[in-house]
> 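Structure below; questions to follow.
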Amino acid sequence: MNAMQALVAHERQTRALAQVMERLGWDQETMMPRGATAQRAEEMGALEAVLHARRTDPRIGEWLAAAAPQDEAGRAFLRHARRAFERHSRVPADLAEELARTTSIAQGIWAEARARDDVAHFLPVLDRVLALKRSEARALAQGGDAYDALLDDYEPGASAAGIGAMFDRMRPRLVALRAAVLAVPNPPARLKGEFHREGQLRLARLLSETFGYDFARGRLDLAVHPFSSGSGSDVRITTRVDETDPFNCLYSTIHEVGHAAYEQGIDPAFALTPMGQGVSMGVHESQSRIYENQLGRSRAFTGWLFERMRAEFGDLGLGGPDHFHATVNRVSPGYIRTEADEVQYNLHIMMRFDLERALIAGDLAVGDLEAAWNDRFLADFGVAVDRPANGMLQDVHWSVGLFGYFPTYSLGNVYAGCLMQALRLERPELDAELAAGDLSGATGWLREKVQVHGGLMEPRATIAAACGFDPHEGPLLDYLDAKYRALYGLQ
Ligand code: ZN
């Protein structure tokens, strides 16, 4: 075996083991008996140790030095492998282990603190997580920007400076649009009533199939927080049911189908290689968002969904499909990021981005975080946070050490805006298809332009190649303006 073949074989087994770990993680959130928590932590820890040893195996360095790629895929393979090896080698093993241990404990403490609205219960462990992440960031950055080093794990090639500048361009238009929308005297009605669980799950399955999810290589189960997991030929999704809010189930499902369709759509030749999974969190989120929002919440598609919902639940008490479309896209003040509408979502992210950058830079102490959060929320949203579960305790991310992750949600929205603009130009028949519940044109385009490539290109290059232009925030902002001004009868 030459160096390239040895590297590929080693990587293949490491990735197969990582997939086993994903399956364990999926099981933990869906099927695992409650009493198995401690044993599962040990099982995961044992696998993690095996993975870490494989990822830092010194032979990788030798193979990398000697490997000669034959084609574009080979060059992409080496680029990913080199980058991963360098990053894994920069973090001392004891720090990696301490981080894994502390974040698994911190997640439980965060959940308790959130349930009890008890910030003081969470602060000591958050302080510990932050200290470890700052050490990790310094080790990774090697003198460069610490926050950028963390961001690089989720969105290779992105920088805090670039994202900050993009947010500065987005904010004024989003704030102006929100002010105009919220000033409209008779906003769309909420959906009221009870919507039985069986009906919601039947529709969730129908929507999954409609958006091209392949049940032969996946399955749909229930979880507290919807997620998708796995790559290649085993990509699973989860949803949840709230009998008073069917949109929660239906749109969470479409969102996760977007993530899963990306993984299912990657060229099978890339399976168990670094190109065999979504290239970045931002590009991943572009797929879930365009499925959920630009396609799933469009006037054309909601017209089709309106009829399906009436067939399942009877009269919805909303009048016709135009009212239904307005209800699905209703803008209202709220504390919670995950429940935010398309107009306000990115404002939630901007606030987290600034706060976590200050935490990593050492400019904001954990003890001052709650006050900083509440001040910022009041300034940005005009509402005082009523309790910590609606404030700084609402998101799991920081407890598990995900600093640098939040901005990828907004990058996903921006990329989705670019993709939608290109898709509309190339498929003038799109609205007619969506109105008939036929998503195959849109999802086929996304598969061919984005999904099939997996990690072959860098994240921004993936979007640029699909759209034919360098991604920027303009298309998203234009789309939001046009959609919400029409919905709210403005200008
Ligand atoms: Zn997502």
Side-chain angles (χ1 to χ4, degrees), residues 166 169-170 173-174 177 207 210-213 250-251 254-262 265 278-305 325-326 328-329 331 340-346 349 408-453 457 459-487:
M166 180 182 84
R169 295 190 299 271
M170 290 170 74
R173 281 182 69 182
L174 292 174
L177 179 59
L207 285 169
T210 301
F211 275 86
Y213 181 65
L250 302 183
Y251 282 97
I254 299 176
H255 182 96
E256 299 309 331
V257 163
H259 284 300
Y262 186 10
V279 68
S280 72
M281 297 320 298
V283 176
H284 237 295
E285 202 65 14
S286 77
Q287 301 305 287
S288 58
R289 299 278 164 164
I290 195 171
Y291 278 52
E292 176 190 354
N293 291 331
Q294 277 88 349
L295 300 168
R297 290 190 163 94
S298 64
R299 171 63 186 83
F301 183 73
T302 55
W304 178 85
L305 181 60
H325 180 228
V328 165
N329 290 287
V331 177
D341 51 77
E342 289 179 84
V343 176
Q344 299 185 86
Y345 189 90
N346 296 300
I349 297 299
T408 67
Y409 293 121
S410 284
L411 279 175
N413 286 327
V414 165
Y415 292 160
C418 297
L419 291 168
M420 192 63 188
Q421 187 184 78
L423 170 59
R424 280 213 173 276
L425 270 175
E426 289 187 30
R427 280 196 90 74
E429 66 277 42
L430 182 66
D431 278 328
E433 292 175 341
L434 296 178
D438 175 9
L439 270 291
S440 62
T443 57
W445 187 87
L446 287 165
R447 177 157 300 198
E448 180 200 322
K449 297 285 183 175
V450 179
Q451 296 165 3
V452 71
H453 303 302
M457 294 172 272
R460 278 185 78 86
T462 302
I463 301 297
C467 300
F469 58 87
D470 203 34
H472 62 100
E473 69 286 353
L476 175 71
L477 296 174
D478 291 345
Y479 150 82
L480 291 174
D481 260 325
K483 172 173 177 174
Y484 285 91
R485 287 186 186 279
L487 263 171

> In Å, rounded to the nearest 0.5 Å, how long is the span from CG of N413 to CZ of R289?
4.5 Å

> Please list, chain by chain and in numerical order, all residues satisfying side-chain contact (heavy atoms from CB on, under 4.5 Å) with A465, sequence neighbours excluded.
M457

> With rounding to the nearest 0.5 Å, note down the distance linking CD in Q344 to CD1 in I349.
13.0 Å

> Do any N or O atoms from the side chain of R460 and from the backbone of P471 form a donor-acceptor pair under 3.5 angstrom?
yes

> How many angstroms lie between atom CG of L411 and atom CD1 of I463, to the nearest 0.5 angstrom?
10.0 Å

> With R447, which residues qualify under salt bridge (charged side-chain N to carboxylate O under 4.0 Å, His left out), at least two apart?
none

> For H259, give me all partners under ring pair (Phe, Tyr, Trp, His ring centres under 6.0 Å), at least two apart in sequence or on another chain.
H255, H284

> Can you name the ring pair (Phe, Tyr, Trp, His ring centres under 6.0 Å) partners of F301, sequence neighbours left out?
F211, W304

> Would you please name every residue forming a side-chain hydrogen bond (donor to acceptor under 3.5 Å, both in side chains) with Y484, sequence neighbours left out?
E342

> side-chain hydrogen bond (donor to acceptor under 3.5 Å, both in side chains) with Q451: which residues, sequence neighbours excluded?
Q287, Y291

> With sequence neighbours excluded, tell me which residues meet salt bridge (charged side-chain N to carboxylate O under 4.0 Å, His left out) with R173.
D478, D481

> If you compare all heavy atoms of T302 against all heavy atoms of G296, which two are closest, and at what distance to 0.1 Å?
CG2-O, 3.6 Å

> Within this structure, what is the CD-NZ distance for the pair Q294 and K483, rounded to the nearest 0.5 Å?
7.5 Å

> According to salt bridge (charged side-chain N to carboxylate O under 4.0 Å, His left out), who are the partners of E433, at least two apart in sequence or on a separate chain?
R427

> From I254 CD1 over to N293 CG, what is the distance, rounded to the nearest 0.5 angstrom?
9.5 Å

> Quick one: list whatever passes salt bridge (charged side-chain N to carboxylate O under 4.0 Å, His left out) with E256, sequence neighbours left out.
none

> Which residues pass the side-chain contact (heavy atoms from CB on, under 4.5 Å) test with A300, sequence neighbours left out?
S298, D431, L434, A435

> Quick one: CG on L423 to CG on L295, what's the gap to the nearest 0.5 Å?
6.5 Å

> Indicate yes or no for a side-chain donor-acceptor contact from Y415 to the backbone of E285 under 3.5 Å, with no hydrogens or angles considered.
no

> Among all residues two or more places apart in sequence or in another chain, which pass the ring pair (Phe, Tyr, Trp, His ring centres under 6.0 Å) test with Y409?
H397, Y405

> Partners of E473 by side-chain contact (heavy atoms from CB on, under 4.5 Å), sequence neighbours excluded?
M166, R169, M170, V414, L477

